[in-house]
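Have a look at the structure below, then the notes.
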Amino acid sequence: MINKKVNSVQEALQGIEDNMTIMLGGFGLCGIPENSIAELVKKGTKNLTCISNNAGVDDFGLGLLLQQKQIKKMISSYVGENAEFERQMLSGELEVELIPQGTLAERCRAAQAGIPAFFTPAGYGTEVAIGKEIREFNGKMHVMEHAFKADFSIVKAWKGDEAGNLIFKGTARNFNPSMCGAGKITIAEVEELLPAGSLNPNEIHIPGILIQRIFQGEKFEKRIEQRTTRKRA
């Protein structure tokens, strides 16, 4: 069995250079690869194109890379929680491609499956469709969307084994699984890394064949983006 384990985040991110395109998993602040993002900040890697559902918040997640002006372009669906993102976008410092959320997920999944393009009704008749091929299917107009092309895909899982098999927990299953295998190299950081064969095969969400490198993260803050609680009586 091939061992995908690497001993540190530094080893996991070897080969990531300026001007690359990187996918980063997570939904809001849930299930984001915190250790990998922090290491990219430390490395000073710049002019990155980042594909992620959201852009973090001002002082956490991808917001840390935005603070240091390390991101050249953001390809995202939801960006409403980051004031620095808004400032950079409106000033023209940051290129932004906003994509319907389902289309974002499917462009990841298509890359994972080796499908070069697909048609979707989402975005037809809006700015999203400008410059794209339009075709009618069953009396409904569809927009052609291309699968993403990423140099690296970085995901975060709850548990993994040394063969690269992954289990996600809760909301972290949004976007993380569809980004596995969607980049030329997929890096998985996990909360708990176990010997190969330790995971119940029936509970594995992503098989290790889609993962090239796996490591155990040292620290996870797991921040809550918008805390909503019921008022006490």
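Source: prediction; values computed, not measured. Only heavy atoms go into these numbers, but all of them, side chains included; no hydrogens, no water, no symmetry mates.
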Determine whether a donor-acceptor pair (N or O, by modelled atom type, separation under 3.5 Å) exists between the side chain of [X] and the backbone of [Y].
X	Y	answer
Ser52	Asn54	yes
Asp151	Lys184	no
Glu39	Leu13	no
Arg173	His205	no
Asn82	Ala55	yes
His142	Lys140	yes
Asp161	Ser198	no

Any chain of hydrophobic side-chain contacts (each under 4.5 Å) joining [X] to [Y]?
X	Y	answer
Phe118	Val128	no
Phe220	Leu24	no
Trp158	Ile37	no
Tyr78	Met74	no
Leu94	Leu98	yes

If the threshold is 4.0 Å, N to carboxylate O, is there a salt bridge linking [X] and [Y]?
X	Y	answer
Glu97	Arg107	yes
Lys132	Glu145	yes
Lys222	Glu34	no

Determine whether more than 12 heavy atoms belonging to other residues, nucleotides or ligands lie under 6.0 Å from atom [atom1] of [X].
X	atom1	result
Ile2	CD1	no
Glu162	CD	yes
Glu218	CD	no
Phe60	CZ	yes
Glu136	CD	yes

Rounded distance (nearest 0.5 Å) linking atom [atom1] of [X] with atom [atom2] of [Y]:
X	Y	atom1	atom2	value
Thr21	Lys72	OG1	NZ	7.0 Å
Arg87	Asp58	CZ	CG	10.5 Å
Glu84	Leu64	CD	CG	11.5 Å
Cys50	Met20	SG	CE	12.5 Å
Met141	Phe119	CE	CZ	10.0 Å
Ile16	Thr45	CD1	OG1	7.0 Å

**OP:** May I ask you to test the Lys69-Glu93 pair for a side-chain heavy-atom distance under 4.5 Å?
**Re:** yes
If you compare all heavy atoms of [X] against all heavy atoms of [Y], which two are closest, and at what distance to 0.1 Å?
X	Y	answer
Cys30	Ala172	SG-N, 3.6 Å
Thr186	Gln212	N-OE1, 2.7 Å
Val6	Phe215	O-CB, 3.6 Å
Lys156	Asn176	N-OD1, 3.1 Å
Asp59	Gln67	CA-NE2, 3.9 Å
Ile167	Ala157	O-CB, 3.6 Å

**OP:** Tell me who clusters with Phe27, hydrophobic residues only, linked when side chains sit under 4.5 Å apart either directly or through other members.
**Re:** Met23, Ile51, Ile75, Ile99, Leu104, Phe148, Val155, Leu166, Phe168, Phe175, Met179, Val190, Leu193, Ile206, Ile209, Leu210, Ile211, Ile214
**OP:** For Lys159 and Leu199, run side chain to side chain contact (heavy atoms under 4.5 Å, CB included): C-alpha distance rounded to whole Å, both residues' side-chain angles, the deciding distance at 0.1 Å, then the answer.
**Re:** CA-CA 8 Å; Lys159 291 182 181 180; Leu199 301 177; 4.3 Å; yes
